[in-house]
Amino acid sequence: MLRRTHTCGELRESHIGQTVNLNGWVNSYRDHGGLVFIDLRDRFGLTQLVFDPEGAANPSMHEAARKLRNEDVVAVRGTIRTRIGGENPKLATGKVELVVSELEVLNKTDNPPFLPDDFGQLPNEEIRLKHRYLDLRRTTMQKILTTRHNVMRATRNYFHENGFLEVETPILYKSTPEGAREFIVPCRNVPGTFYALPQSPQLFKQILMVSGCDRYMQICRCFRDEDPRADRQPEFSQVDLEMSFVRREHIMEMMEGFVRRVFGEVLGITVPALVRMPYRECLERFGIDRPDTRYGLEIKDISEIAAKCDFKVFKDALAKNPTARQFYSKKGVVKAIRIPGGAEKLTRKLTDGYSEWVKTFGAGGVAVVKTIKTPDGNIGFETGIAKFIDAPTVKPELIAALGLQVGDTVLFVADTYAVATKTLGELRQKVARDLGIVPEWGKMWNFLWMIDPPMFERNKDTGKWVALHHPFTAPRDDQAAAFVEAAEDDDETLESIVSAGYDVVLNGSEIGGGSIRIHDRAVQSKVFQLLGLSPEQAKEKFSFLLEALSYGAPPHGGIAFGLDRLVMHLVGSDNIRDVIAFPKTQIGADLMTRAPSSCTEDQMKQVHIKSTWVPPV
RNA sequence: GGGGCGGUAGCUCAAUUGGUUAGAGUACCGGACUGUCGAUCCGGUGGUUGCGGGUUCGAGUCCCGUCCGCCUCGCCA
């Protein structure tokens, strides 16, 4: 084989006159009958090859050249010269061409289902995933793979330089049925038992701290058997880490350095110090625990003003748990968003659509009003609920509270604190997209820390307390005492206890989250008690961790970053499958390998399982 | 588990709101062409309209079921 001396991306004018070899794929061919041009491609670029019948050593080579088709794999030998037909400014190698003297066709291709080029329209994703090797040949995909590699490289370098050890943890792991549904693996040696694939290496990394590892990191695979979304896959990667002898500030400082390193190295961006925003403020202003601060449209609580309106929807909502404290999730509230200039931009069709759309979040609808200029030059209301809020006791206060100007639209949601907050949080983002005020990719990078999240919330359906993060998350230092003393049925107090947790949020997307872990036994038993775990049950599930923690555990805490989402941000993709070489579909299928697939009766027998699946008739 | 969108030539799409033999671009095959660069020009092959039922004189089009893909709610400690 004519092994390459150069890649297809590196030949320049300085190489003119040299004899070189290239290997690659035929990216395109232009057969002029006499002259034949081939653009040869590898991961590094394109180089134009010329086959000239005059002076060709043998005519059969020229015949072979004329038969070359897209995606054939070839090796060539020839000399570099200036392009006779003029430069091609689109190519890095566009000033030169290779005059071929020897051609070796390494592999003819069957007619491929699609060509891996980036102009024109892509085939649908089903086809791309089925022939992923063709899709990955596209320059765009090669760039994404490269970016992902660079992120991993920068990550390992950064943490290595800061004293972290990369330690691998088991993939065949113990089932701990809280949290996400697990993938399970039947065990051959112990009939009737199963491994689970880890949702994350959480418990192992804490044990590594007890092990004296001091600083651990791992780029690891995690598995969650839940339905995917545009930014979720059943198996995904985390930059996982844990540190000993630290408080929250130390971890946050180290992580800001990490974010700065990755974004600096990969995109050349300077990341400023991260703003810190308490969970409660995130919810109050943005209606979500991962606020997108790239645009305004902040949410305002106007319950007190709304109480003065003679509007049944508001009154009914406010009648829910009226005496509860302000942020108690079941308290009735009225909240609103001012859309500057919305009177013109938000059509009736759009706002009607919002009223329907918010029902998916449990809200009854959206109340709408527009502001106009009255004949006397003041601000007036029209359409929607105008007549209910026009009273002289209400109108001026509302204008002041929301900072209204002529030409605005106001969207109201009246419901429980939890529903109204979530609904407006989602609506705010939808309106921003509809108005086209979300900055396009690369224009703005708004990082922030979400801190002080609650320890627990009650599950909507079962009414049971569940940990917002996980059961080893410590309360914030100043909250521990109140937490231990709180009665189990004191919902308002328990809901207000905040943890030493923290999330990194970028442009409205959570890219990392973690916490300081509990090292106080009284706190830990209180957590288990609230979660409904008896000491015996806790021991049964987590004995290895509890035991480890009892033998001299250093104060510790950590965080995990979603590698896939990080790469999505860095390459400007809104599809997680684009940043994973071999992703799965919504039912967890790999369209290329056709996994999952059935196994034989014998295989099942060996691991002591039997399928109950009966194919439909 | 629920809601929405989609599936027509290898690929990307069209097909007059149910009406003749389902078209175009591209890829592929054949031919022409010595400076192209997403080459150009001429000709050609290529279809179980995802699958299964139904309505109808007649279905790519309407109805029911089903499979697959995407988005989304629930879910994701």
Side-chain angles (χ1 to χ4, degrees), chain A residues 27-40 46-55 62 66-67 69-71 82-91 93-94 97 99 109-131 134 176-182 199-200 202-203 222-234 236 356-362 422 426 430 455-457 459-461 464-473 501 510 513 515 527 531 533 541 562 574-575 577 584-587 589 591 594 616-617:
Chain A
N27 194 65
S28 63
Y29 64 94
R30 296 176 290 279
D31 179 357
H32 285 244
L35 285 175
V36 176
F37 299 94
I38 301 283
D39 288 342
L40 196 67
L46 290 176
T47 301
Q48 173 164 284
L49 314 180
V50 190
F51 293 84
D52 191 335
E54 282 177 32
H62 202 75
R66 293 192 62 188
K67 289 204 172 75
R69 292 295 177 268
N70 293 333
E71 303 309 313
T82 305
R83 284 194 183 216
I84 292 173
E87 180 183 351
N88 182 351
K90 292 181 196 164
L91 301 183
T93 62
E97 62 189 9
V99 189
T109 178
D110 286 346
N111 187 21
F114 61 94
L115 292 176
D117 53 34
D118 284 308
F119 51 87
Q121 204 158 0
L122 284 177
N124 73 47
E125 205 169 357
E126 210 172 337
I127 303 286
R128 288 173 53 203
L129 291 175
K130 187 174 174 192
H131 304 279
L134 291 179
T176 53
E178 291 79 25
R181 190 183 302 118
E182 296 171 320
Q199 300 170 32
S200 81
Q202 180 60 35
L203 303 185
C222 304
F223 306 87
R224 294 177 191 174
D225 189 5
E226 301 288 353
D227 290 344
R229 287 287 184 281
D231 61 351
R232 289 187 344 213
Q233 280 270 297
F236 61 99
E356 268 309 302
W357 183 71
V358 299
K359 288 175 183 166
T360 58
F361 306 106
K422 161 139 190 158
E426 298 292 337
K430 188 172 178 66
M455 292 276 286
F456 300 97
E457 62 182 17
N459 180 289
K460 286 189 294 290
D461 304 322
K464 288 181 181 168
W465 287 109
V466 291
L468 221 71
H469 191 41
H470 59 64
F472 309 104
T473 301
E510 182 200 321
S515 64
V527 171
L531 295 178
L533 287 178
K541 286 176 195 295
D574 53 8
N575 175 351
R577 295 177 300 281
K584 292 180 171 58
T585 69
Q586 297 231 349
I587 58 169
L591 297 179
R594 292 164 55 111
V617 184

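It should be emphasised that the depicted structure is a prediction, and the values quoted were computed from it without experimental measurement. Keep in mind that the numbers below use all heavy atoms, side chains included, and drop hydrogens, waters and symmetry copies. Here is the naming used below: chain letters follow the sequence lines, and residue numbers restart at 1 for every chain.
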Report summary line: Whole-Å distance, A:Leu591 CG to B:G7 P, equals 18 Å
Requested in this report: Classify the nucleic acid contact of A:Leu122 as base, sugar-phosphate or nothing, counting any heavy atom under 4.0 Å across all strands shown.
Outcome: sugar-phosphate
Query raised in the report: Which whole-number value in Å describes the distance from A:Asp31 CG to B:G30 P?
Result: 11 Å
Query raised in the report: Any idea which of B:C73, B:G35, B:G38 is nearest the A:Phe119 side chain?
Result: B:G38
Requested in this report: Select base, sugar-phosphate, or nothing to describe what A:Glu426 touches, counting heavy atoms under 4.0 Å on all strands.
Outcome: nothing
Query raised in the report: Any donor and acceptor pair, going by atom type alone, linking the side chain of A:Arg577 with main-chain N or O of A:Thr585 inside 3.5 Å?
Result: no
Report task. Confirm from the modelled atom types if A:Arg83 and B:C37 form a donor-acceptor pair under 3.5 Å, side chain to base only. Result -> yes
Query raised in the report: Between B:C76, B:G38, B:G69, which one does the side chain of A:Lys90 approach most closely?
Result: B:G38
Query - Nearest-Å distance once atom C1' is located in both B:C28 and B:G69 - result: 27 Å
**Report entry** Closest heavy-atom pair and its distance - A:Gly34, A:His62
**Finding:** O-NE2, 2.5 Å
Query raised in the report: For A:Ile587, which contact category applies under a 4.0 Å heavy-atom criterion: base, sugar-phosphate, or nothing?
Result: sugar-phosphate
Report summary line: Under a 3.5 Å limit on both distances, the Watson-Crick or wobble mate of B:G35 is none
Query raised in the report: What about A:Asn124, does its side chain sit under 3.5 Å from the base of B:G6 through a donor-acceptor pair?
Result: no
Report task. Choose from B:C28, B:C76, B:C70 the nucleotide whose nearest atom is closest to any side-chain atom of A:Gln586. Result -> B:C70
Query raised in the report: A:Ile127 side chain: which of B:U36, B:U12, B:G69 is closest?
Result: B:U12
Report summary line: Across every strand shown, the nucleotide meeting Watson-Crick or G-U wobble geometry with B:C13 (both distances under 3.5 Å) is B:G23
Requested in this report: With C1' as the reference atom in both, quote the distance from B:G25 to B:A15 in angstrom, rounded to an integer.
Outcome: 15 Å
Report task. Consider the side chain of A:Tyr29, meaning its heavy atoms from C-beta on, and name the nucleotide among B:C28, B:G69, B:G74 that approaches it most closely. Result -> B:C28
Report task. Say whether, by atom type as modelled, one donor and one acceptor occur between the side chain of A:Thr473 and the main chain of A:Ser515 under 3.5 angstrom. Result -> no
Requested in this report: Would you kindly give the CG-to-C1' distance between A:Asn111 and B:U45, to the nearest whole Å?
Outcome: 12 Å
Query raised in the report: For atom C1', what is the distance between B:U8 and B:U61, given to the nearest Å?
Result: 11 Å
Report task. Answer with yes or no whether the side chains of A:Arg181 and A:Gln199 bring together a donor and an acceptor at under 3.5 Å. Result -> no
Query raised in the report: In the strands shown, is B:C62 matched to any nucleotide by a Watson-Crick or G-U wobble pair with both distances under 3.5 Å, and which?
Result: B:G54
**Report entry** d(CZ, A:Phe37; P, B:C37) in whole Å
**Finding:** 9 Å
Report task. Examine distances only and state if a side-chain atom of A:Thr109 and a backbone atom of A:Asn111 form a donor-acceptor pair shorter than 3.5 Å. Result -> no
Query raised in the report: In terms of ring plane angle, is the pair A:Phe361 and A:Trp357 parallel, tilted or perpendicular, where the classes change at 30° and 60°?
Result: perpendicular
Requested in this report: Please measure how far the C1' atom in B:A9 lies from the corresponding atom in B:A24, and state the result in whole Å.
Outcome: 11 Å
Requested in this report: Provide the distance between the two C1' atoms, one in B:G60 and one in B:U17, to the nearest whole Å.
Outcome: 13 Å
**Report entry** Pi stacking test for A:His32 and B:G35: under 5.5 Å apart, planes under 30°
**Finding:** no
Query raised in the report: Is the NZ atom of A:Lys430 crowded by more than 12 outside heavy atoms at less than 6.0 Å?
Result: yes
Query raised in the report: Can you find a donor-acceptor pair, distance only, under 3.5 Å between A:Glu356 side chain and B:G3 base?
Result: no
Query raised in the report: P atom, B:A59 versus B:G53: distance in rounded Å?
Result: 14 Å
Query raised in the report: So, the side chain of A:Gln233 versus the backbone of A:Lys584: is there a donor-acceptor pair under 3.5 Å, distance only?
Result: yes
Report summary line: Whole-Å distance, A:Arg577 CZ to B:G69 C1', equals 9 Å
Report summary line: Closest to the side chain of A:Ala230, out of B:C76, B:C37, B:U72, is B:U72
Report task. Rounded off to whole Å, could you give me the CD1-to-P distance for the A:Ile38 and B:G38 pair? Result -> 14 Å
Query raised in the report: Rounding to the closest angstrom, what is the interatomic distance between B:G74 and B:G6 at atom P?
Result: 24 Å
Query raised in the report: Considering only heavy atoms and no angle criterion, is a donor-acceptor pair shorter than 3.5 Å present between the side chain of A:Arg232 and the base of B:C76?
Result: yes
**Report entry** Nearest-angstrom distance from the residue atom CG of A:Asn459 to C1' of B:C76
**Finding:** 13 Å
Report task. Please confirm whether any donor atom in the side chain of A:Arg69 sits under 3.5 Å from an acceptor in the base of B:C29, or the reverse. Result -> no
Query raised in the report: For B:C37, does OP1 or OP2 lie under 4.0 Å from any side-chain N or O of A:Ser28?
Result: no
Report summary line: A:Gln48 has its side chain closest, among B:U36, B:G38, B:G69, to B:U36
Query raised in the report: With a 4.0 Å cut-off on heavy atoms, is A:Leu468 in touch with a base, just the backbone sugar-phosphate, or nothing at all?
Result: sugar-phosphate
Query - A:Lys422 side chain, from C-beta outward: closest of B:G74, B:G69, B:U34 - result: B:G74
Query raised in the report: What is the base-pairing partner of B:U49, counting Watson-Crick and G-U wobble geometry with both distances under 3.5 Å?
Result: none
**Report entry** N/O (side chain, A:Arg229) to phosphate O (OP1/OP2, B:C73) under 4.0 Å
**Finding:** yes
Query raised in the report: Can you tell me the Watson-Crick or wobble partner of B:C5, both distances under 3.5 angstrom?
Result: B:G69
Query raised in the report: In terms of side-chain heavy atoms, does A:Glu125 have a donor or acceptor partner in A:Asn575 at a distance below 3.5 Å?
Result: yes
Report task. Flag as yes if A:Phe114 stacks onto the base of B:C11 (centroids under 5.5 Å, planes under 30°), otherwise no. Result -> no
Query raised in the report: Is any side-chain nitrogen or oxygen of A:Gln121 closer than 4.0 Å to OP1 or OP2 of B:C13?
Result: yes
Query raised in the report: Which of the following nucleotides, B:U12, B:C75, B:G10, is nearest to the side chain of A:Pro113?
Result: B:G10
Requested in this report: Look at all strands and tell whether A:Gly94 reaches a base, only sugar-phosphate, or nothing, counting heavy atoms closer than 4.0 Å.
Outcome: nothing
Query raised in the report: So which nucleotide from B:C13, B:U34, B:C37 ends up closest to the side chain of A:Asn88?
Result: B:C37
Query raised in the report: On RNA chain B, nearest-nucleotide positions of A:Gly34 versus A:Leu115: which is more 5'?
Result: A:Leu115
Query raised in the report: Tell me: CG of A:Asp39 to P of B:C37, nearest whole Å?
Result: 11 Å
Query raised in the report: Say you pick atom C1' in B:A27 and the same atom in B:G10; how far apart are they, in whole Å?
Result: 7 Å
